[in-house]
Amino acid sequence: WLVIAVGLVRAYLAKGSYHSLYYSIEKPLKFFQTGALLEEYLLIVKYLPGIVPSSVVLTAFQVMSRVFLTWAVTHSVKEVQTEDSVLLFVVAWTITEIIRYSFYTFSLLNHLPYLIKWARYTLFIVLYPMGVSGELLTIYAALPFVRQSGLYSISLPNKYNFSFDYYTFLILVMISYIPIFPQLYFHMLHQRRKVLSHTEEHKKSE
């Protein structure tokens, strides 16, 4: 994720504009975000449950939604790659992941600076809505192109007697954010109160 951050900064300095910076980090973004599927499986589900203090269901939704945005929307609908909303969620993801992995690394080393702990449980207040806004705006921008091209859609009649409308599916994906995002957000707010209040009490006791 530092690679992506450096790529964004270098591209911005070279172009002098934040528009269409997606192309400068497209490959590492696809690689690292897809790799999060392996992390989800290994760290949270199979081998090390409890090491990562997160809700499995909420974290799985977050990972899957990001992979979906990366491949099924941004990669598949070329027209949205120049949208500013893409940069919005990429920047939010990048900052969030740099902080999150720093938090886990220092925690495993038993030397967690308060600044990183504070950032982990505070900056999400802005970064989560920022990322979700970028994701939803990008899906919304993709809708007319999906409808026009019939991307990933299957029409009747066919030998499988099955139909699928990707345009409608994207709308349902957007609607799914309504019940799930607040759960993730309030879960993090609860964790923030729990972790930071515990830290403050610990400092006072010292």
Side-chain angles (χ1 to χ4, degrees), residues 1 4 7-8 11 18-42 44-45 54-97 100 124 127-188:
W1 288 99
I4 294 174
L8 285 172
Y18 63 87
H19 298 294
S20 302
L21 293 184
Y22 170 78
Y23 301 107
S24 64
I25 50 85
E26 180 180 5
K27 289 182 179 179
L29 176 68
K30 289 175 179 177
F31 179 79
F32 291 121
Q33 191 57 73
T34 305
L37 289 173
L38 182 62
E39 176 199 10
E40 169 74 11
Y41 178 69
L42 293 179
I44 300 177
V45 177
S54 305
S55 166
V56 174
V57 174
L58 294 178
T59 304
F61 171 79
Q62 188 176 37
V63 171
M64 292 303 298
S65 67
R66 288 180 177 185
V67 173
F68 178 80
L69 255 294
T70 301
W71 289 102
V73 179
T74 310
H75 170 77
S76 300
V77 187
K78 307 295 184 184
E79 292 84 353
V80 303
Q81 294 176 359
T82 56
E83 293 286 332
D84 292 342
S85 58
V86 173
L87 183 62
L88 195 64
F89 72 70
V90 169
V91 170
W93 292 359
T94 302
I95 298 173
T96 298
E97 294 307 296
R100 187 169 73 95
F124 79 89
L127 292 174
Y128 275 23
M130 175 179 166
V132 167
S133 297
E135 293 171 23
L136 290 174
L137 287 171
T138 301
I139 297 174
Y140 181 77
L143 287 176
F145 300 106
V146 170
R147 169 176 270 180
Q148 183 179 17
S149 65
L151 179 70
Y152 300 143
S153 296
I154 302 173
S155 302
L156 288 171
N158 57 67
K159 64 180 180 179
Y160 300 107
N161 196 30
F162 170 80
S163 66
F164 175 74
D165 184 12
Y166 190 54
Y167 177 86
T168 303
F169 178 74
L170 286 179
I171 293 175
L172 293 176
V173 169
M174 294 176 71
I175 293 173
S176 73
Y177 277 71
I178 297 174
I180 297 177
F181 172 69
Q183 291 186 55
L184 179 63
Y185 196 70
F186 287 118
H187 171 74
M188 286 299 297

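Predicted model, so just to flag it, every value in this text is computed and none were measured.
- In terms of heavy atoms, Gly7 sits closest to Ser24 at O-OG, 3.9 Å.
- The two residues Phe61 and Ser176 come nearest to each other via the heavy atoms CE1-OG, 4.2 Å.
- The CZ atom of Phe89 sits 11.0 Å away from the CG atom of Leu136 when rounded to the nearest 0.5 Å.
- Counting heavy atoms from C-beta outward, Leu29 and Glu26 have side chains that stay 4.5 Å or more apart.
- In this structure, a donor-acceptor pair under 3.5 Å is absent between the side chains of Trp1 and Thr96.
- Counting heavy atoms from C-beta on, the side chains of Val90 and Leu21 never come closer than 4.5 Å.
- Atoms OH and CG, from Tyr152 and Asp165 in turn, are 14.5 Å apart once rounded to the nearest 0.5 Å.
- The line from OH of Tyr167 to CG of Leu172 is 11.5 Å long, rounded to the nearest 0.5 Å.
- Two residues are said to be in side-chain contact when any heavy atoms from C-beta on lie closer than 4.5 Å; His75 and Thr70 fail this criterion.
- Residues Thr168 and Leu170 have side chains not in contact (no heavy-atom distance under 4.5 Å, counting atoms from C-beta outward).
- Counted within 6.0 Å of OH on Tyr185, heavy atoms from surrounding residues, nucleotides or ligands total more than 12; the atom is thus considered enclosed.
- Between the side chains of Ser20 and Thr82, no donor-acceptor pair is found at a separation under 3.5 Å.
- Nearest heavy-atom pair, Gln33 versus Val63, reported as atom, atom and distance to 0.1 Å: NE2-O, 4.4 Å.
- For the pair Leu137 and Ser85, the tightest heavy-atom approach, listed with the atom from each and the gap, is CB-CB, 3.6 Å.
- Remark: side-chain polar atoms of Thr34 are not paired, donor with acceptor, to backbone N or O of Phe31 under 3.5 angstrom.
- Taking CG from Leu143 and CD from Gln148, the interatomic distance works out to 13.0 Å, rounded to the nearest 0.5 Å.
- Without hydrogens or angle criteria, Gln183 side chain to Pro179 main chain gives a donor-acceptor distance under 3.5 Å.
- Residues Val86 and Thr138 share a closest heavy-atom pair of N-OG1, 3.6 Å.
- Listed for the Ser163 side chain is no donor-acceptor partner under 3.5 Å among the backbone atoms of Ser155.
- Side-chain N/O atoms of Glu135 and Tyr177 include a donor and acceptor closer than 3.5 Å.
- Ring geometry for Phe164 against Phe162 counts as parallel: the plane angle stays under 30°, on a 0 to 90° scale with 60° as the upper cut.
- Put simply, the side chain of Trp71 does not reach to within 4.5 Å of the side chain of Ser76, judged on heavy atoms.
- Counting heavy atoms from C-beta on, the side chains of Asp84 and His19 come closer than 4.5 Å.
- Within a 6.0 Å radius of CZ in Phe186, no more than 12 heavy atoms belonging to other residues, nucleotides or ligands are found.
- Using a 4.5 Å heavy-atom threshold, the side chains of Lys78 and Gln81 count as touching.
- Using cut-offs of 30° and 60° for the angle between ring planes, the Phe124 and Tyr128 rings count as perpendicular.
- Residues meeting the salt bridge (Lys or Arg N to Asp or Glu O under 4.0 Å) test with Glu97, sequence neighbours left out: Arg66, Arg100.
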Kindly determine whether Tyr22 and Thr74 satisfy side chain to side chain donor-acceptor pair (under 3.5 Å), including the steps that lead there. CA-CA 10 Å; Tyr22 170 78; Thr74 310; 5.5 Å; no
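- Interatomic distance, Ile139 CD1 to Leu69 CG, rounded to the nearest 0.5 Å: 5.0 Å.
- Remark: Tyr166 OH to Ser149 OG distance equals 10.0 Å, nearest 0.5 Å.
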